[in-house]
Amino acid sequence: MTFNEKLTAYKTIVTKEYLRFIRIWIQTVLPPAITTALYFVIFGELIGSQISDIDGYSYMDYIVPGLILMSVITNSYANVVSSFYSAKFQRSIEELLISPTPNYLILAGFVSGGVARGLIVGLVVTMVAMFFSDFQVHSLLLSFTVFLLTAILFSIAGLINAIYAKSFDDITIIPTFVLTPLTYLGGIFYSIEMLPQFWQNISLINPILYMINSFRYGLLGISDTDITTALIIIILFITGLFSFALYLLNKGIGIKN
Amino acid sequence: MLALKISQLKKCYKNGTEALKGVDLEVEKGDFFALLGPNGAGKSTTISIISGLVNKSSGKIQIFDTDIDHEPALAKSYIGLVPQEFNFNQFEPVQEILINQAGYYGINRTAATERARQYLQQLELWDKRNVMARELSGGMKRRLMIARALIHQPKLLILDEPTAGVDIEIRRSMWDFLHRINQQGTTIILTTHYLEEAESLCKNIAIIDHGRTIESTSMRKLLAQLTMETFILYLDKHTSTVPLDIPDCEIRIIDDQTLEVDIEQSNNLNHVFEALSRHDIHVLSMRNKSNRLEQLFMHLVDKNRNNKELAAALIQTAQETCD
(Lines give C-alpha, C1' and ligand atoms only; values in the text may rest on other atoms or scores of the structure.)
Protein backbone atom coordinates (compact mmCIF):
# COMPACT_ATOMS: atom_id res chain seq x y z
CA MET A 1 0.00 0.00 0.00
CA THR A 2 1.23 3.51 -0.75
CA PHE A 3 1.34 6.17 1.94
CA ASN A 4 -1.87 7.75 0.63
CA GLU A 5 -3.65 4.40 0.57
CA LYS A 6 -2.59 3.76 4.15
CA LEU A 7 -3.81 7.19 5.12
CA THR A 8 -7.17 6.46 3.48
CA ALA A 9 -7.41 3.14 5.36
CA TYR A 10 -6.61 4.86 8.66
CA LYS A 11 -9.12 7.66 8.01
CA THR A 12 -11.76 5.05 7.15
CA ILE A 13 -11.33 3.25 10.48
CA VAL A 14 -11.32 6.50 12.47
CA THR A 15 -14.40 7.90 10.67
CA LYS A 16 -16.25 4.64 11.14
CA GLU A 17 -15.39 4.57 14.85
CA TYR A 18 -16.32 8.23 15.28
CA LEU A 19 -19.68 7.80 13.54
CA ARG A 20 -20.37 4.68 15.60
CA PHE A 21 -20.35 6.48 18.93
CA ILE A 22 -21.79 9.76 17.64
CA ARG A 23 -24.76 7.91 16.11
CA ILE A 24 -25.61 6.65 19.60
CA TRP A 25 -24.64 9.82 21.50
CA ILE A 26 -27.53 9.34 23.92
CA GLN A 27 -25.77 6.19 25.14
CA THR A 28 -22.19 7.42 24.81
CA VAL A 29 -21.90 11.17 25.40
CA LEU A 30 -24.93 12.15 27.46
CA PRO A 31 -24.69 9.70 30.42
CA PRO A 32 -21.19 10.84 31.55
CA ALA A 33 -22.40 14.45 31.52
CA ILE A 34 -25.38 13.58 33.72
CA THR A 35 -23.34 11.37 36.07
CA THR A 36 -20.69 14.05 36.52
CA ALA A 37 -23.32 16.71 37.14
CA LEU A 38 -24.68 14.49 39.93
CA TYR A 39 -21.19 14.11 41.39
CA PHE A 40 -20.83 17.88 41.44
CA VAL A 41 -24.22 18.40 43.07
CA ILE A 42 -23.83 15.65 45.69
CA PHE A 43 -20.11 15.61 46.45
CA GLY A 44 -19.29 19.17 45.47
CA GLU A 45 -22.29 21.20 46.65
CA LEU A 46 -23.96 19.15 49.39
CA ILE A 47 -21.13 17.19 51.03
CA GLY A 48 -18.27 19.36 49.75
CA SER A 49 -19.62 22.48 51.44
CA GLN A 50 -19.03 20.71 54.80
CA ILE A 51 -15.39 19.90 53.89
CA SER A 52 -12.56 22.34 54.41
CA ASP A 53 -10.32 23.55 51.57
CA ILE A 54 -7.61 21.20 50.22
CA ASP A 55 -4.30 22.84 49.23
CA GLY A 56 -6.08 26.19 49.06
CA TYR A 57 -8.93 25.05 46.80
CA SER A 58 -12.57 24.42 47.66
CA TYR A 59 -13.60 20.75 47.63
CA MET A 60 -15.68 21.42 44.49
CA ASP A 61 -12.65 22.81 42.62
CA TYR A 62 -10.46 20.01 43.97
CA ILE A 63 -12.55 17.18 42.52
CA VAL A 64 -13.04 18.78 39.06
CA PRO A 65 -9.78 17.44 37.46
CA GLY A 66 -10.33 13.92 38.77
CA LEU A 67 -13.91 13.78 37.53
CA ILE A 68 -12.93 15.04 34.08
CA LEU A 69 -10.11 12.52 33.81
CA MET A 70 -12.31 9.70 35.12
CA SER A 71 -14.74 10.33 32.27
CA VAL A 72 -11.85 10.29 29.79
CA ILE A 73 -10.53 6.99 31.22
CA THR A 74 -13.86 5.16 31.29
CA ASN A 75 -15.06 6.40 27.89
CA SER A 76 -11.83 5.79 25.98
CA TYR A 77 -11.67 2.30 27.40
CA ALA A 78 -15.37 1.55 26.90
CA ASN A 79 -15.37 2.77 23.31
CA VAL A 80 -12.57 0.53 22.10
CA VAL A 81 -13.44 -2.52 24.17
CA SER A 82 -17.07 -2.53 23.01
CA SER A 83 -16.37 -1.60 19.40
CA PHE A 84 -13.57 -4.10 18.87
CA TYR A 85 -15.37 -6.89 20.70
CA SER A 86 -18.58 -6.23 18.72
CA ALA A 87 -16.54 -6.44 15.52
CA LYS A 88 -15.13 -9.75 16.74
CA PHE A 89 -18.56 -11.01 17.81
CA GLN A 90 -20.22 -10.09 14.50
CA ARG A 91 -17.07 -11.18 12.67
CA SER A 92 -16.98 -7.84 10.87
CA ILE A 93 -13.35 -7.61 12.06
CA GLU A 94 -12.70 -10.01 9.16
CA GLU A 95 -13.34 -7.09 6.79
CA LEU A 96 -10.13 -5.57 8.13
CA LEU A 97 -8.18 -8.79 8.53
CA ILE A 98 -8.56 -9.78 4.88
CA SER A 99 -7.60 -6.30 3.70
CA PRO A 100 -4.01 -5.12 3.16
CA THR A 101 -4.37 -2.58 6.00
CA PRO A 102 -1.33 -3.12 8.29
CA ASN A 103 -2.01 -4.15 11.86
CA TYR A 104 -0.43 -1.00 13.30
CA LEU A 105 -2.99 1.06 11.39
CA ILE A 106 -5.85 -1.11 12.63
CA LEU A 107 -4.55 -0.52 16.16
CA ALA A 108 -4.05 3.20 15.56
CA GLY A 109 -7.51 3.52 14.01
CA PHE A 110 -9.37 1.90 16.89
CA VAL A 111 -7.27 3.80 19.45
CA SER A 112 -7.99 7.08 17.67
CA GLY A 113 -11.70 6.29 17.84
CA GLY A 114 -11.39 5.74 21.59
CA VAL A 115 -9.36 8.93 21.99
CA ALA A 116 -12.00 10.89 20.04
CA ARG A 117 -14.75 9.68 22.38
CA GLY A 118 -12.58 10.29 25.45
CA LEU A 119 -11.84 13.83 24.33
CA ILE A 120 -15.43 14.68 23.37
CA VAL A 121 -16.82 13.31 26.62
CA GLY A 122 -14.00 15.01 28.54
CA LEU A 123 -14.87 18.34 26.95
CA VAL A 124 -18.59 17.89 27.69
CA VAL A 125 -17.78 17.08 31.33
CA THR A 126 -15.46 20.11 31.49
CA MET A 127 -18.32 22.30 30.28
CA VAL A 128 -20.60 20.79 32.94
CA ALA A 129 -17.89 21.47 35.53
CA MET A 130 -17.83 25.12 34.53
CA PHE A 131 -21.42 25.49 35.83
CA PHE A 132 -20.27 24.44 39.29
CA SER A 133 -16.71 25.69 39.50
CA ASP A 134 -14.80 28.72 38.27
CA PHE A 135 -11.38 27.05 38.17
CA GLN A 136 -8.52 28.67 36.24
CA VAL A 137 -6.26 26.58 34.05
CA HIS A 138 -2.73 26.54 35.47
CA SER A 139 -1.03 24.98 32.38
CA LEU A 140 -3.10 24.36 29.26
CA LEU A 141 -0.27 22.45 27.55
CA LEU A 142 0.24 20.03 30.46
CA SER A 143 -3.51 19.60 30.96
CA PHE A 144 -4.05 18.74 27.30
CA THR A 145 -0.98 16.46 27.18
CA VAL A 146 -2.17 14.41 30.16
CA PHE A 147 -5.74 14.46 28.84
CA LEU A 148 -4.56 13.07 25.45
CA LEU A 149 -2.02 10.56 26.78
CA THR A 150 -4.55 9.16 29.25
CA ALA A 151 -7.11 8.71 26.46
CA ILE A 152 -4.50 6.92 24.32
CA LEU A 153 -3.39 4.68 27.17
CA PHE A 154 -6.88 3.51 28.10
CA SER A 155 -7.94 3.08 24.48
CA ILE A 156 -5.06 0.65 23.97
CA ALA A 157 -5.95 -1.11 27.22
CA GLY A 158 -9.56 -1.45 25.99
CA LEU A 159 -8.37 -3.02 22.77
CA ILE A 160 -6.25 -5.59 24.62
CA ASN A 161 -9.24 -6.44 26.79
CA ALA A 162 -11.38 -6.89 23.65
CA ILE A 163 -8.76 -9.12 21.99
CA TYR A 164 -8.82 -11.52 24.94
CA ALA A 165 -12.58 -11.30 25.55
CA LYS A 166 -14.58 -14.38 24.64
CA SER A 167 -17.97 -13.13 25.82
CA PHE A 168 -19.71 -9.84 26.63
CA ASP A 169 -19.09 -10.60 30.33
CA ASP A 170 -15.35 -10.46 29.68
CA ILE A 171 -15.54 -6.86 28.50
CA THR A 172 -17.15 -5.70 31.74
CA ILE A 173 -14.95 -7.59 34.22
CA ILE A 174 -11.85 -5.38 33.88
CA PRO A 175 -13.75 -2.04 33.98
CA THR A 176 -15.81 -3.16 36.97
CA PHE A 177 -13.23 -4.96 39.08
CA VAL A 178 -9.99 -3.23 38.10
CA LEU A 179 -10.52 0.11 36.40
CA THR A 180 -13.27 1.57 38.60
CA PRO A 181 -11.57 0.73 41.96
CA LEU A 182 -8.21 2.03 40.72
CA THR A 183 -9.84 5.24 39.47
CA TYR A 184 -11.78 5.88 42.68
CA LEU A 185 -8.68 5.10 44.74
CA GLY A 186 -6.54 7.27 42.43
CA GLY A 187 -7.19 10.45 44.34
CA ILE A 188 -10.23 11.89 42.56
CA PHE A 189 -11.98 12.79 45.79
CA TYR A 190 -9.07 13.15 48.19
CA SER A 191 -5.41 13.96 48.54
CA ILE A 192 -3.32 10.92 49.49
CA GLU A 193 -1.76 13.10 52.18
CA MET A 194 -5.04 12.58 54.07
CA LEU A 195 -4.23 8.84 54.27
CA PRO A 196 -2.05 7.06 56.85
CA GLN A 197 1.53 6.51 55.62
CA PHE A 198 0.92 2.82 54.84
CA TRP A 199 -2.03 3.59 52.53
CA GLN A 200 -0.13 6.49 50.99
CA ASN A 201 2.61 4.03 49.98
CA ILE A 202 0.05 1.57 48.63
CA SER A 203 -1.60 4.38 46.65
CA LEU A 204 1.69 5.15 44.93
CA ILE A 205 1.52 1.76 43.17
CA ASN A 206 -1.66 2.89 41.41
CA PRO A 207 -0.72 4.37 38.01
CA ILE A 208 -4.02 6.26 37.77
CA LEU A 209 -2.97 8.32 40.82
CA TYR A 210 -0.15 9.83 38.72
CA MET A 211 -2.47 10.67 35.84
CA ILE A 212 -5.08 12.34 38.02
CA ASN A 213 -2.49 14.30 39.97
CA SER A 214 -0.62 15.49 36.90
CA PHE A 215 -3.91 16.57 35.33
CA ARG A 216 -4.82 18.30 38.59
CA TYR A 217 -1.50 20.07 38.45
CA GLY A 218 -2.24 21.17 34.87
CA LEU A 219 -5.61 22.62 35.91
CA LEU A 220 -5.02 23.81 39.48
CA GLY A 221 -1.23 23.78 39.97
CA ILE A 222 -1.32 21.27 42.86
CA SER A 223 -0.30 17.63 42.92
CA ASP A 224 0.52 14.77 45.31
CA THR A 225 3.06 13.32 42.87
CA ASP A 226 6.00 14.48 40.78
CA ILE A 227 4.86 15.58 37.30
CA THR A 228 7.92 14.31 35.41
CA THR A 229 7.58 10.89 37.06
CA ALA A 230 3.90 10.89 36.15
CA LEU A 231 4.56 11.66 32.50
CA ILE A 232 7.30 9.01 32.29
CA ILE A 233 4.96 6.42 33.82
CA ILE A 234 2.18 7.26 31.34
CA ILE A 235 4.51 7.15 28.32
CA LEU A 236 6.06 3.86 29.48
CA PHE A 237 2.62 2.33 29.89
CA ILE A 238 1.57 3.55 26.42
CA THR A 239 4.72 2.17 24.80
CA GLY A 240 4.43 -1.16 26.58
CA LEU A 241 0.73 -1.65 25.92
CA PHE A 242 0.95 -0.49 22.29
CA SER A 243 3.77 -2.98 21.63
CA PHE A 244 1.83 -5.74 23.36
CA ALA A 245 -1.39 -4.98 21.45
CA LEU A 246 0.52 -4.95 18.16
CA TYR A 247 2.14 -8.25 19.05
CA LEU A 248 -1.31 -9.76 19.72
CA LEU A 249 -2.65 -8.48 16.39
CA ASN A 250 0.39 -9.70 14.46
CA LYS A 251 0.12 -13.13 16.03
CA GLY A 252 -3.63 -13.16 15.48
CA ILE A 253 -4.23 -14.06 19.13
CA GLY A 254 -7.94 -13.84 19.94
CA ILE A 255 -8.88 -12.89 16.39
CA LYS A 256 -7.57 -15.69 14.20
CA ASN A 257 -8.14 -19.39 14.78
CA MET B 1 0.09 -17.76 -15.10
CA LEU B 2 -1.37 -19.26 -11.97
CA ALA B 3 -3.86 -17.25 -9.99
CA LEU B 4 -3.39 -19.52 -7.01
CA LYS B 5 -0.80 -22.12 -6.15
CA ILE B 6 -1.00 -24.07 -2.90
CA SER B 7 1.67 -26.60 -1.95
CA GLN B 8 1.37 -29.02 0.94
CA LEU B 9 -0.85 -26.77 3.01
CA LYS B 10 -1.29 -28.08 6.53
CA LYS B 11 -3.26 -26.81 9.49
CA CYS B 12 -3.17 -28.36 12.92
CA TYR B 13 -5.18 -26.66 15.68
CA LYS B 14 -3.94 -26.38 19.26
CA ASN B 15 -6.33 -29.14 20.38
CA GLY B 16 -4.55 -31.49 17.98
CA THR B 17 -7.21 -31.49 15.24
CA GLU B 18 -5.58 -31.79 11.84
CA ALA B 19 -7.89 -29.79 9.60
CA LEU B 20 -5.55 -29.88 6.60
CA LYS B 21 -3.10 -32.70 6.04
CA GLY B 22 -1.54 -31.54 2.78
CA VAL B 23 -3.66 -29.62 0.30
CA ASP B 24 -2.20 -29.02 -3.15
CA LEU B 25 -4.03 -26.81 -5.61
CA GLU B 26 -3.33 -24.93 -8.80
CA VAL B 27 -5.82 -22.49 -10.29
CA GLU B 28 -5.13 -20.90 -13.65
CA LYS B 29 -5.65 -17.19 -14.22
CA GLY B 30 -9.15 -16.56 -15.58
CA ASP B 31 -10.44 -19.93 -14.40
CA PHE B 32 -13.84 -20.61 -12.83
CA PHE B 33 -12.76 -23.24 -10.35
CA ALA B 34 -14.89 -25.48 -8.13
CA LEU B 35 -13.54 -26.55 -4.77
CA LEU B 36 -15.73 -29.34 -3.50
CA GLY B 37 -15.75 -31.63 -0.53
CA PRO B 38 -18.05 -32.98 2.15
CA ASN B 39 -18.72 -30.97 5.32
CA GLY B 40 -15.59 -30.71 7.44
CA ALA B 41 -13.31 -31.66 4.54
CA GLY B 42 -11.20 -28.51 4.95
CA LYS B 43 -12.55 -26.23 2.22
CA SER B 44 -13.37 -23.28 4.48
CA THR B 45 -10.10 -23.67 6.41
CA THR B 46 -8.19 -23.57 3.12
CA ILE B 47 -10.06 -20.44 2.05
CA SER B 48 -9.57 -18.79 5.44
CA ILE B 49 -5.82 -19.40 5.26
CA ILE B 50 -5.60 -18.03 1.71
CA SER B 51 -7.41 -14.85 2.73
CA GLY B 52 -5.49 -14.31 5.97
CA LEU B 53 -8.17 -15.21 8.50
CA VAL B 54 -6.42 -18.31 9.80
CA ASN B 55 -2.71 -18.94 10.31
CA LYS B 56 -1.37 -22.01 8.51
CA SER B 57 0.82 -24.57 10.23
CA SER B 58 2.97 -25.19 7.16
CA GLY B 59 2.90 -25.11 3.39
CA LYS B 60 3.19 -22.45 0.74
CA ILE B 61 0.57 -20.23 -0.90
CA GLN B 62 1.17 -17.95 -3.87
CA ILE B 63 -1.42 -15.60 -5.30
CA PHE B 64 -0.49 -14.41 -8.78
CA ASP B 65 3.11 -15.40 -7.97
CA THR B 66 3.03 -13.41 -4.71
CA ASP B 67 3.88 -15.40 -1.60
CA ILE B 68 1.42 -14.64 1.21
CA ASP B 69 4.25 -14.94 3.76
CA HIS B 70 6.62 -12.54 2.01
CA GLU B 71 4.22 -9.90 0.67
CA PRO B 72 0.97 -10.39 2.58
CA ALA B 73 -0.45 -6.94 1.80
CA LEU B 74 0.05 -7.32 -1.96
CA ALA B 75 -1.33 -10.87 -1.89
CA LYS B 76 -4.38 -9.70 0.06
CA SER B 77 -5.04 -6.89 -2.39
CA TYR B 78 -5.55 -9.52 -5.14
CA ILE B 79 -8.27 -11.39 -3.24
CA GLY B 80 -11.97 -10.74 -2.76
CA LEU B 81 -13.69 -13.03 -0.29
CA VAL B 82 -17.36 -13.96 0.06
CA PRO B 83 -17.42 -16.03 3.26
CA GLN B 84 -19.94 -18.66 4.21
CA GLU B 85 -21.32 -16.76 7.22
CA PHE B 86 -22.58 -13.18 7.20
CA ASN B 87 -19.69 -11.17 8.59
CA PHE B 88 -20.64 -7.52 8.19
CA ASN B 89 -21.74 -5.07 10.85
CA GLN B 90 -25.50 -5.63 11.00
CA PHE B 91 -26.01 -2.09 12.29
CA GLU B 92 -24.38 -0.31 9.38
CA PRO B 93 -26.12 0.95 6.23
CA VAL B 94 -25.50 -1.13 3.11
CA GLN B 95 -23.65 1.58 1.18
CA GLU B 96 -21.42 2.43 4.17
CA ILE B 97 -20.32 -1.22 4.42
CA LEU B 98 -19.06 -1.08 0.83
CA ILE B 99 -17.42 2.34 1.14
CA ASN B 100 -15.63 1.33 4.34
CA GLN B 101 -14.42 -1.91 2.79
CA ALA B 102 -13.02 0.05 -0.15
CA GLY B 103 -11.32 2.38 2.32
CA TYR B 104 -9.47 -0.54 3.92
CA TYR B 105 -7.93 -1.14 0.48
CA GLY B 106 -6.87 2.51 0.22
CA ILE B 107 -9.63 3.59 -2.17
CA ASN B 108 -10.75 7.13 -1.43
CA ARG B 109 -14.35 7.92 -0.57
CA THR B 110 -15.26 9.52 -3.92
CA ALA B 111 -14.06 6.54 -5.96
CA ALA B 112 -15.52 4.11 -3.41
CA THR B 113 -18.96 5.79 -3.58
CA GLU B 114 -19.00 5.44 -7.37
CA ARG B 115 -17.95 1.78 -7.23
CA ALA B 116 -20.53 1.07 -4.52
CA ARG B 117 -23.25 2.56 -6.77
CA GLN B 118 -22.07 0.42 -9.68
CA TYR B 119 -22.07 -2.89 -7.78
CA LEU B 120 -25.23 -2.19 -5.82
CA GLN B 121 -27.04 -1.50 -9.09
CA GLN B 122 -25.62 -4.60 -10.76
CA LEU B 123 -26.66 -6.76 -7.81
CA GLU B 124 -30.08 -5.07 -7.52
CA LEU B 125 -29.41 -3.60 -4.08
CA TRP B 126 -29.34 0.08 -5.02
CA ASP B 127 -32.80 0.71 -3.52
CA LYS B 128 -31.52 -0.70 -0.22
CA ARG B 129 -28.36 1.39 -0.06
CA ASN B 130 -29.42 3.34 3.04
CA VAL B 131 -31.03 0.40 4.81
CA MET B 132 -29.33 -1.18 7.83
CA ALA B 133 -27.76 -4.51 6.83
CA ARG B 134 -29.76 -6.43 9.43
CA GLU B 135 -32.99 -5.49 7.64
CA LEU B 136 -32.00 -7.23 4.40
CA SER B 137 -33.33 -10.65 3.41
CA GLY B 138 -30.96 -13.64 3.31
CA GLY B 139 -30.55 -13.39 -0.48
CA MET B 140 -29.84 -9.67 -0.28
CA LYS B 141 -27.22 -10.23 2.42
CA ARG B 142 -25.48 -12.78 0.17
CA ARG B 143 -25.47 -10.26 -2.68
CA LEU B 144 -24.18 -7.56 -0.36
CA MET B 145 -21.23 -9.79 0.50
CA ILE B 146 -20.52 -10.31 -3.21
CA ALA B 147 -20.63 -6.53 -3.81
CA ARG B 148 -18.32 -5.99 -0.83
CA ALA B 149 -15.85 -8.60 -2.11
CA LEU B 150 -15.75 -6.90 -5.51
CA ILE B 151 -15.44 -3.29 -4.32
CA HIS B 152 -11.63 -3.24 -4.67
CA GLN B 153 -11.86 -5.08 -8.02
CA PRO B 154 -9.89 -8.17 -7.00
CA LYS B 155 -8.18 -10.42 -9.54
CA LEU B 156 -9.21 -13.50 -7.59
CA LEU B 157 -12.72 -13.85 -6.18
CA ILE B 158 -13.28 -16.63 -3.65
CA LEU B 159 -16.86 -17.60 -2.87
CA ASP B 160 -17.55 -19.98 0.00
CA GLU B 161 -21.04 -21.35 -0.58
CA PRO B 162 -22.43 -18.05 -1.89
CA THR B 163 -25.85 -19.40 -2.78
CA ALA B 164 -26.57 -21.32 0.43
CA GLY B 165 -30.18 -20.74 1.45
CA VAL B 166 -30.93 -18.59 -1.61
CA ASP B 167 -34.05 -19.24 -3.69
CA ILE B 168 -33.64 -20.59 -7.21
CA GLU B 169 -34.47 -17.32 -8.99
CA ILE B 170 -31.84 -15.32 -7.10
CA ARG B 171 -29.40 -18.21 -7.37
CA ARG B 172 -29.75 -18.17 -11.18
CA SER B 173 -29.28 -14.38 -11.32
CA MET B 174 -26.17 -14.74 -9.11
CA TRP B 175 -24.83 -17.40 -11.48
CA ASP B 176 -25.32 -15.04 -14.42
CA PHE B 177 -23.57 -12.25 -12.56
CA LEU B 178 -20.61 -14.44 -11.56
CA HIS B 179 -20.34 -15.77 -15.09
CA ARG B 180 -20.14 -12.17 -16.40
CA ILE B 181 -17.48 -11.25 -13.82
CA ASN B 182 -15.46 -14.31 -14.86
CA GLN B 183 -15.84 -13.40 -18.54
CA GLN B 184 -14.41 -9.97 -17.71
CA GLY B 185 -11.22 -11.63 -16.45
CA THR B 186 -11.71 -12.26 -12.74
CA THR B 187 -10.55 -15.68 -11.61
CA ILE B 188 -13.22 -17.32 -9.46
CA ILE B 189 -12.97 -20.10 -6.91
CA LEU B 190 -16.30 -21.46 -5.77
CA THR B 191 -17.21 -23.89 -3.03
CA THR B 192 -20.75 -25.14 -3.04
CA HIS B 193 -22.95 -28.03 -1.99
CA TYR B 194 -25.11 -27.50 -5.08
CA LEU B 195 -23.17 -29.68 -7.47
CA GLU B 196 -25.38 -28.57 -10.33
CA GLU B 197 -23.96 -25.08 -9.68
CA ALA B 198 -20.37 -26.31 -9.94
CA GLU B 199 -21.12 -28.35 -13.05
CA SER B 200 -22.79 -25.52 -14.91
CA LEU B 201 -20.34 -22.75 -13.90
CA CYS B 202 -16.89 -24.22 -13.42
CA LYS B 203 -14.25 -25.27 -15.90
CA ASN B 204 -11.95 -27.00 -13.43
CA ILE B 205 -12.50 -28.75 -10.17
CA ALA B 206 -10.73 -30.02 -7.08
CA ILE B 207 -12.18 -32.28 -4.43
CA ILE B 208 -10.90 -32.13 -0.86
CA ASP B 209 -11.67 -34.79 1.72
CA HIS B 210 -10.24 -35.25 5.20
CA GLY B 211 -7.85 -32.34 4.65
CA ARG B 212 -6.31 -33.68 1.43
CA THR B 213 -6.81 -33.03 -2.25
CA ILE B 214 -8.19 -36.26 -3.66
CA GLU B 215 -8.88 -34.99 -7.18
CA SER B 216 -7.91 -31.95 -9.22
CA THR B 217 -8.74 -31.92 -12.89
CA SER B 218 -10.95 -30.32 -15.53
CA MET B 219 -14.71 -30.69 -15.21
CA ARG B 220 -14.80 -32.34 -18.66
CA LYS B 221 -12.23 -34.99 -17.71
CA LEU B 222 -13.92 -35.65 -14.40
CA LEU B 223 -17.33 -36.13 -15.97
CA ALA B 224 -15.76 -38.40 -18.58
CA GLN B 225 -14.94 -40.81 -15.73
CA LEU B 226 -18.63 -41.41 -15.31
CA THR B 227 -19.48 -44.74 -16.97
CA MET B 228 -23.06 -45.34 -15.87
CA GLU B 229 -26.12 -43.11 -15.87
CA THR B 230 -29.46 -43.71 -14.27
CA PHE B 231 -32.73 -42.50 -15.79
CA ILE B 232 -36.22 -42.41 -14.38
CA LEU B 233 -38.90 -43.24 -16.97
CA TYR B 234 -42.58 -42.36 -16.44
CA LEU B 235 -44.83 -44.75 -18.39
CA ASP B 236 -48.40 -44.65 -19.69
CA LYS B 237 -49.09 -48.28 -18.66
CA HIS B 238 -48.86 -50.36 -15.54
CA THR B 239 -45.30 -51.60 -14.95
CA SER B 240 -46.44 -55.21 -14.49
CA THR B 241 -46.33 -55.61 -18.29
CA VAL B 242 -42.78 -54.24 -18.63
CA PRO B 243 -40.16 -56.66 -20.00
CA LEU B 244 -37.23 -56.75 -17.53
CA ASP B 245 -34.82 -58.53 -19.83
CA ILE B 246 -33.86 -55.65 -22.15
CA PRO B 247 -30.15 -56.06 -23.06
CA ASP B 248 -27.32 -53.62 -22.08
CA CYS B 249 -29.25 -52.09 -19.20
CA GLU B 250 -30.61 -52.87 -15.78
CA ILE B 251 -34.24 -52.13 -15.06
CA ARG B 252 -35.91 -51.73 -11.69
CA ILE B 253 -39.60 -51.11 -11.04
CA ILE B 254 -40.14 -48.16 -8.73
CA ASP B 255 -43.94 -48.01 -8.65
CA ASP B 256 -46.99 -48.68 -10.86
CA GLN B 257 -45.88 -46.40 -13.66
CA THR B 258 -42.22 -45.60 -12.95
CA LEU B 259 -39.04 -47.41 -13.96
CA GLU B 260 -35.41 -46.84 -13.07
CA VAL B 261 -32.93 -47.71 -15.82
CA ASP B 262 -29.12 -48.00 -15.38
CA ILE B 263 -27.29 -47.70 -18.68
CA GLU B 264 -23.69 -47.26 -19.78
CA GLN B 265 -22.90 -43.74 -21.00
CA SER B 266 -21.68 -45.10 -24.31
CA ASN B 267 -25.14 -46.60 -25.03
CA ASN B 268 -28.33 -44.79 -25.86
CA LEU B 269 -31.85 -45.40 -24.67
CA ASN B 270 -33.38 -46.06 -28.11
CA HIS B 271 -33.40 -49.83 -27.72
CA VAL B 272 -35.13 -49.46 -24.37
CA PHE B 273 -37.86 -47.32 -25.91
CA GLU B 274 -38.22 -49.82 -28.79
CA ALA B 275 -38.52 -52.77 -26.43
CA LEU B 276 -41.18 -50.96 -24.42
CA SER B 277 -43.04 -49.97 -27.61
CA ARG B 278 -43.18 -53.59 -28.66
CA HIS B 279 -45.21 -54.20 -25.50
CA ASP B 280 -47.33 -51.15 -26.32
CA ILE B 281 -45.82 -49.17 -23.47
CA HIS B 282 -44.88 -45.57 -24.09
CA VAL B 283 -42.59 -43.27 -22.14
CA LEU B 284 -44.47 -40.12 -21.11
CA SER B 285 -41.41 -38.35 -19.72
CA MET B 286 -37.99 -39.04 -18.30
CA ARG B 287 -35.20 -37.45 -16.22
CA ASN B 288 -31.72 -38.14 -14.90
CA LYS B 289 -31.98 -39.71 -11.47
CA SER B 290 -29.21 -37.57 -10.06
CA ASN B 291 -26.77 -34.93 -11.07
CA ARG B 292 -23.84 -36.47 -12.92
CA LEU B 293 -21.28 -34.63 -10.83
CA GLU B 294 -23.03 -35.71 -7.67
CA GLN B 295 -22.59 -39.37 -8.65
CA LEU B 296 -18.89 -38.86 -9.28
CA PHE B 297 -18.42 -36.82 -6.16
CA MET B 298 -19.95 -39.54 -4.00
CA HIS B 299 -17.90 -42.17 -5.79
CA LEU B 300 -14.59 -40.34 -5.23
CA VAL B 301 -15.31 -39.52 -1.61
CA ASP B 302 -16.41 -43.10 -0.88
CA LYS B 303 -13.32 -44.45 -2.64
CA ASN B 304 -11.09 -42.17 -0.57
CA ARG B 305 -12.76 -43.33 2.65
CA ASN B 306 -12.57 -47.01 1.68
CA ASN B 307 -8.86 -46.61 0.94
CA LYS B 308 -8.39 -44.99 4.35
CA GLU B 309 -10.30 -47.76 6.11
CA LEU B 310 -8.29 -50.37 4.22
CA ALA B 311 -5.03 -48.65 5.18
CA ALA B 312 -6.14 -48.44 8.82
CA ALA B 313 -7.10 -52.13 8.82
CA LEU B 314 -3.74 -53.08 7.31
CA ILE B 315 -1.87 -51.02 9.92
CA GLN B 316 -3.89 -52.64 12.70
CA THR B 317 -3.22 -56.13 11.32
CA ALA B 318 0.48 -55.34 11.03
CA GLN B 319 0.56 -54.09 14.62
CA GLU B 320 -1.25 -57.19 15.88
CA THR B 321 1.23 -59.38 14.01
CA CYS B 322 4.15 -57.55 15.62
CA ASP B 323 2.58 -57.90 19.08
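From a predicted model like this one, the values you see are computed outputs, not experimental measurements. Chain identifiers are assigned alphabetically (A, B, ...) following the order of the sequence lines, protein sequences preceding nucleic acid strands; residue numbering begins at 1 within each chain.
- With chain B as the partner, the residue from L105(A), L96(A), L7(A) showing the most heavy-atom pairs under 4.5 Å is L96(A).
- Few gaps surround CZ on F168(A); more than 12 heavy atoms of other groups in view lie less than 6.0 Å from it.
- The environment of NZ in K155(B) is crowded: more than 12 heavy-atom neighbours from other residues, nucleotides or ligands sit within 6.0 Å.
- Most heavy-atom pairs under 4.5 Å with chain B: of the set T8(A), I93(A), I98(A), I106(A), this distinction falls to I98(A).
- Heavy-atom proximity under 4.5 angstrom to chain A picks out L81(B), E85(B), F86(B) from residues 78-86 of chain B.
- Nearest heavy-atom pair, S92(A) versus N89(B), reported as atom, atom and distance to 0.1 Å: CB-N, 3.6 Å.
- For NZ of K128(B), the number of neighbouring non-hydrogen atoms (other residues, nucleotides, ligands) closer than 6.0 Å is 12 at most.
- When side chains are defined from C-beta on, K11(A) does not count as touching N108(B), because their heavy atoms never get closer than 4.5 Å.
- Few gaps surround CZ on F177(B); more than 12 heavy atoms of other groups in view lie less than 6.0 Å from it.
- Between F91(B) and R23(A), every side-chain heavy-atom pair lies at or beyond the 4.5 Å cut-off.
- Other residues, nucleotides and ligands place more than 12 heavy atoms under 6.0 Å from the CZ atom of F21(A).
- For L74(B), no part lies under 4.5 angstrom from a heavy atom of chain A.
- Within the structure, side-chain hydrogen bond (donor to acceptor under 3.5 Å, both in side chains) contacts touching residues 96-106 of chain B (residues at least two apart or in different chains) are K16(A)-Y104(B), E92(B)-N100(B), E96(B)-R109(B).
- Looking at E94(A), its side chain never comes within 3.5 Å of a backbone N or O of L53(B) through a donor-acceptor pair.
- Within the 3.5 Å criterion, the main-chain N or O of L97(A) finds a donor-acceptor partner in the side chain of K76(B).
- In plain terms, the two heavy atoms of A73(B) and P100(A) that are nearest each other are O-CB, 3.4 Å.
- Checked by atom type and distance alone, the side chain of N87(B) never pairs as donor or acceptor with a backbone atom of E95(A) at under 3.5 Å.
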